[in-house]
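When a ligand or atom number is given, it counts from 1 through the structure's own listing order. Computed from heavy atoms alone, side chains included, the values below leave out hydrogens, waters and symmetry copies.
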Amino acid sequence: MAIENKPGEEFDTVFSRNDSLELSSHHDHDPSHARIFKIIVIGDSNVGKTCLTYRFCGGTFLKNPEATIGVDFRERTVELDGESIKLQIWDTAGQERFRKSMVEHYYRSVHAVIFVYDVTSLSSFKSLPEWIEECSRHSVGPLVPRIMVGNKCDLRDRREVPTSAAQCLADSYNFPLFETSAKDPAEKEHVDAIFLTLAYRLKSHKPLRLKQPSQNDVRHLWNQREQGSATCQC
Ligand SMILES: Nc1nc2c(ncn2[C@@H]2O[C@H](COP(=O)(O)OP(=O)(O)OP(=O)(O)O)[C@@H](O)[C@H]2O)c(=O)[nH]1
Ligand SMILES: [Mg+2]
């Protein structure tokens with residue numbers, strides 16, 4: 001389900017227009033305690049943003065995706081060093097007409113950015129500097145991790161973007177480069193690695209939502225409150 005989302009509702013819901021995405025239980029480890037990070041996936045239309053995010057969150061290749069309108073949300077909770085981290089992934093629209101009203105929302109409070117191009121489309125690769133520029137224009141700070149991903153590596157005979165050129169561009173921005181395929185099942189773990197690389201980088205960052213306080217924390221806060229009211233002279 002694609003949406004022109006209602007501000008405020010956006011953080012608690014998983015939407016998917018083309019599919020009936022259900023997150024399998026092994027992806028969820030006590031989500032109530034998970035820190036949440038917002039990751040946006042950006043790039044030209046048709047490069048495979050929806051398929052990549054679906055592969056990571058749903059575990060399979062999404063057949064016959066439709067062009068994303070506005071944004072589709074997906075999420076997956078991962079366990080890193082014993083901590084649950086919820087990755088909230090914004091699968092953005094590549095087509096200008098489907099994204100223009102949403103651009104401000106994409107970049108607001110973003111924790112990490114994935115720039116995707118299609119290795120069989122030189123034009124999608126040449127668009128990357130524009131996407132990177134758009135991101136910077138929206139005040140995304142230099143400390144927000146960014147990754148470049150070349151998708152559709154399974155189409156070996158149709159490759160138009162050599163790895164060397166992609167590596168050169170990635171180096172010029174100091175971004176890590178991944179080449180992968182959302183379609184090839186053998187690449188499933190590699191797709192995971194893209195998102196997990198970001199998750200590890202984000203782990204040391206500020207969370208969007210803090211952990212629920214424990215009973216001890218609550219008792220402590222309550223005692224402080226009681227003491228405060230006992231000494232209050234007003
Ligand atoms: N061969 C191959 N095809 C892919 C791969 N990933 C996506 N596709 C195909 O590429 C087309 C576009 O995929 P999407 O995921 O919808 O592309 P998108 O970037 O989300 O496009 P917008 O929503 O319009 O921005 C579809 O026909 C997919 O089946 C891949 O890794 N390999
Ligand atoms: Mg899409």
Visitor: Is there a polar contact between ligand 1 and Gly94, counting only N or O atoms under 3.5 Å apart?
Guide: yes

Visitor: Note the single closest protein heavy atom to atom 17 (O) of ligand 1, along with its residue, its atom name and the distance in Å.
Guide: Gly48 N, 3.1 Å

Visitor: Would you say Tyr54 contacts ligand 1, with heavy atoms under 4.0 Å as the rule?
Guide: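 Distance cut 4.0 Å: Tyr54 fails for ligand 1.
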
Visitor: Quick test of your reading of the model: are Asp154 and Arg159 salt-bridged, counting only N-O distances below 4.0 Å?
Guide: no

Visitor: Could you say whether the N/O atoms of Ala182 and ligand 1 ever approach to under 3.5 Å?
Guide: yes

Visitor: To the nearest 0.5 Å, what is the distance between OG1 on Thr92 and CG on Asp72?
Guide: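 Output value for this atom pair is 10.0 Å.
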
Visitor: Out of Thr68, Thr180, Asn151, whose heavy atom sits nearest atom 6 (N) of ligand 1?
Guide: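 That would be Asn151.
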
Visitor: May I ask whether atom 27 (O) of ligand 1 is less than 4.0 Å from at least one protein heavy atom?
Guide: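 Not a single protein heavy atom is under 4.0 Å away.
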
Visitor: Counting only heavy atoms closer than 4.0 Å, does ligand 1 sit against the backbone of Phe98, its side chain, both, or neither?
Guide: neither

Visitor: Report yes if some N/O of Gln95 lies less than 3.5 Å from some N/O of ligand 1; otherwise report no.
Guide: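 Between Gln95 and ligand 1 (N or O atoms, distance only) the closest approach is not under 3.5 Å.
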
Visitor: Could you see which bit of Leu62 sits under 4.0 Å from ligand 1, with heavy atoms only: side chain, backbone, both or neither?
Guide: neither

Visitor: If I take every N, O or S atom of Thr92, is at least one of them less than 2.8 Å from the Mg ion (ligand 2)?
Guide: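 Here the distance criterion (N, O or S atom, under 2.8 Å) is not met by Thr92, so no.
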
Visitor: Output yes if Thr68 passes the N/O/S-under-2.8 Å test against the Mg ion (ligand 2); output no otherwise.
Guide: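 An N, O or S atom of Thr68 is closer than 2.8 Å to the Mg ion (ligand 2), so yes.
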
Visitor: Between Pro65 and ligand 1, find which residue part has any heavy-atom pair under 4.0 Å and reply side chain, backbone, both or neither.
Guide: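 The answer is the side chain of Pro65.
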
Visitor: Hydrophobic cluster membership, with links at side-chain heavy-atom distances under 4.5 Å among I/L/V/M/F/W/Y: are Phe115 and Leu122 in one?
Guide: yes

Visitor: Examine Asp91 against ligand 1 and note whether any of their N/O atoms are separated by less than 3.5 Å.
Guide: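 No, since none of the N or O atoms of Asp91 sits under 3.5 Å from an N or O of ligand 1.
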
Visitor: With a 4.0 Å cut-off, would you call Glu134 and Arg99 a salt bridge?
Guide: yes

Visitor: Tell me which part of Leu155 gets within contact of ligand 1: side chain, backbone, both or neither, using heavy atoms under 4.0 Å.
Guide: side chain

